[in-house]
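Working notes, structure below.
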Amino acid sequence: MNGGPSGFHNAPVTKIFVIVSAIFTIFFGIRGRSNNLGLSYEDIFGRLRISKLIGSMFVFSSTPELMFGLYLLYYFRVFERQIGSNKYAVFILFSLMVSFLFEVLALAFLKDPTTNVLTSGPYGLVFASFIPFYLDIPVSTRFRVFGVQFSDKSFIYLAGLQLLLSSWKRSILPGICGILAGSLYRLNFFRIRKAKFPECFASFFSRLSWPSVGTSAAPTRNVGTAPSYTTRQVERTYPSPTPSAIEPPEDSISTLVSMGFDRNSARQALVHARNDINMATNILLEAQSH
């Protein structure tokens, strides 16, 4: 299970976030300050330092946390491809801010002024992403190891569990706050799922989403099976494409299939969207909601 095509194709926001998090972690690690970024009661209700506050949202406190955290962020780029870069940027901001507010409430409840209670890093975003991962990403394969059943999603859950327990109590609490933030986003709290940044912001990230080099349009053959419900909804909602419509690229179809849509529906949506993968995703989601 790889989250679609490799690389950051159609995921510029994830690309920037992963790079920034990696650079900040390495920078603070070289200076020996990464272990001092964990938030404490004193940081919030005593001497508030904005630099430490911001650093705690991006900098992982150890190399193992960095490896597992960046791996999960890289995998979860599938959600940016699903909802588009603009809405995914809103999801990132909402997850970080809401999880931080939950962390502040937890620190106020614990009232421990002597130790760094919470570990640093974008735990809010990582664990908020497990909500759509659990609800929206289907299981494609199942297998058994020593009599225990696993699926292709199990490896992501194990990586998340390793990150959650990496610093024990210091990391469990931020992880729980992230899950709560993801749940509120899922519940459309304050209608957040409809929110978007201005078009100038979206155009900035679109410039960073370079097209894949050497992509060729591979024709697909329709197997003689009945069209799926989603396919029928796509055909019913949107008019038939012109005969000169360009055949969708294979990697774009694979991206949509990796999100859980069937191949024929993905191809139909891409044809109607003129191979715009974000628009095709919206078409498929609208078709499923009918």
Side-chain angles (χ1 to χ4, degrees), residues 1-4 6-8 11-40 51-82 85 88-103 106 116-134 137 152-183 185:
M1 190 170 193
N2 57 14
S6 60
F8 292 99
V13 176
T14 302
K15 178 181 180 180
I16 292 175
F17 195 94
V18 167
I19 291 175
V20 169
S21 182
I23 291 176
F24 274 33
T25 301
I26 294 172
F27 174 76
F28 281 96
I30 292 175
R31 300 186 63 181
R33 295 176 54 189
S34 57
N35 290 326
N36 299 323
L37 288 176
L39 292 178
S40 66
S51 59
K52 185 173 183 179
L53 196 66
I54 297 175
S56 66
M57 292 186 179
F58 292 95
V59 180
F60 289 99
S61 60
S62 66
T63 301
E65 290 179 43
L66 175 66
M67 293 175 60
F68 282 103
L70 292 189
Y71 168 72
L72 289 170
L73 288 172
Y74 175 74
Y75 174 83
F76 290 142
R77 74 197 186 283
V78 66
F79 300 126
E80 181 176 355
R81 293 169 175 168
Q82 181 177 2
S85 298
Y88 188 70
V90 173
F91 172 73
I92 289 178
L93 182 62
F94 181 84
S95 300
L96 292 177
M97 297 304 296
V98 172
S99 62
F100 171 74
L101 291 176
F102 280 125
E103 290 172 12
N116 288 333
V117 178
L118 307 180
T119 190
S120 62
Y123 278 70
L125 173 59
V126 171
F127 287 95
S129 300
F130 273 97
I131 300 299
F133 175 74
Y134 173 76
I137 302 299
D152 53 336
K153 295 177 66 173
S154 300
F155 298 105
I156 304 299
Y157 287 125
L158 289 175
L161 183 63
Q162 173 64 36
L163 184 62
L164 185 68
L165 302 178
S166 57
S167 297
W168 194 229
K169 292 180 180 180
R170 295 180 61 220
S171 55
I172 290 178
L173 194 54
I176 294 174
C177 292
I179 292 173
L180 292 174
S183 300
Y185 183 87

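Positions are given from 1 along the sequence. Being a predicted model, the structure only gives us computed values, none of them experimental.
In terms of modelled atom types and a separation under 3.5 Å, the side chain of Arg77 and the main chain of Tyr74 share a donor-acceptor contact. Looking at Ser21, its side chain never comes within 3.5 Å of a backbone N or O of Val18 through a donor-acceptor pair.
Phe60 and Thr25 get closest at one heavy-atom pair: N-OG1, 3.1 Å. Across Phe91 and Ser129, no two heavy atoms sit closer than the pair CE2-OG, 3.6 Å. Listed here is the closest heavy atom pair of Glu103 and Pro174: OE2-CB, 3.6 Å. Minimum interatomic distance between Ala22 and Leu66 (heavy atoms only, all atoms of both residues): CA-CD1, 4.3 Å. The minimum heavy-atom distance linking Cys177 with Phe102 is given by the pair SG-CB, 3.6 Å.
Not counting sequence neighbours, Ser99 has no partner by the side chain to side chain donor-acceptor pair (under 3.5 Å) test. With sequence neighbours left out, Leu158 forms a side chain to side chain contact (heavy atoms under 4.5 Å, CB included) with no residue at all. Remark: Phe76 pairs with Phe79, Phe130, Phe133 by the ring-ring contact (aromatic ring centres under 6.0 Å, His included) rule, at least two apart or across chains. Partners of Ile19 according to the side chain to side chain contact (heavy atoms under 4.5 Å, CB included) rule, which considers only residues two or more places apart in sequence or in another chain, are Lys15, Ile23. Considering only residues two or more places apart in sequence or on other chains, Leu101 meets the side chain to side chain contact (heavy atoms under 4.5 Å, CB included) condition with none of them. Applying the side chain to side chain contact (heavy atoms under 4.5 Å, CB included) test to Ala159 and every residue at least two apart in sequence or in another chain returns Phe68, Tyr71, Leu72. With sequence neighbours left out, Glu80 forms a side chain to side chain donor-acceptor pair (under 3.5 Å) with Thr14, Ser85. With sequence neighbours left out, Phe17 forms a ring-ring contact (aromatic ring centres under 6.0 Å, His included) with Phe58.
Separation of atoms CG (Leu118) and CG (Leu37) is listed at 12.5 Å; rounding is to 0.5 Å. In this structure, OG in Ser56 is found 9.5 Å from CG in Leu96, a value given to the nearest 0.5 Å. From Leu53, atom CG reaches atom CE of Met57 across 5.0 Å, with rounding to the nearest 0.5 Å. Of the inter-residue distances, the one linking Ile179 atom CD1 with Leu164 atom CG reads 6.5 Å to the nearest 0.5 angstrom. For the atom pair Lys153 NZ and Tyr134 OH, the distance stands at 8.0 Å (nearest 0.5 Å). Here the straight-line distance linking atom CG of Leu163 with atom CG of Leu70 works out to 10.0 Å at 0.5 Å rounding.
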List the steps, then state whether side-chain hydrogen bond (donor to acceptor under 3.5 Å, both in side chains) holds for Thr119 with Ser171.
-> CA-CA 5 Å; Thr119 190; Ser171 55; over 6 Å; no
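Applying the side-chain hydrogen bond (donor to acceptor under 3.5 Å, both in side chains) test to residues at least two apart or on different chains, the pairs with a partner in residues 155-167 are Glu65-Ser167, Tyr123-Ser166.
Residues Tyr185 and Ile131 fail the side-chain proximity criterion, which asks for heavy atoms closer than 4.5 Å. Leu180 is not listed as a side-chain neighbour of Val98, based on a closest heavy-atom distance of 4.5 Å or more.
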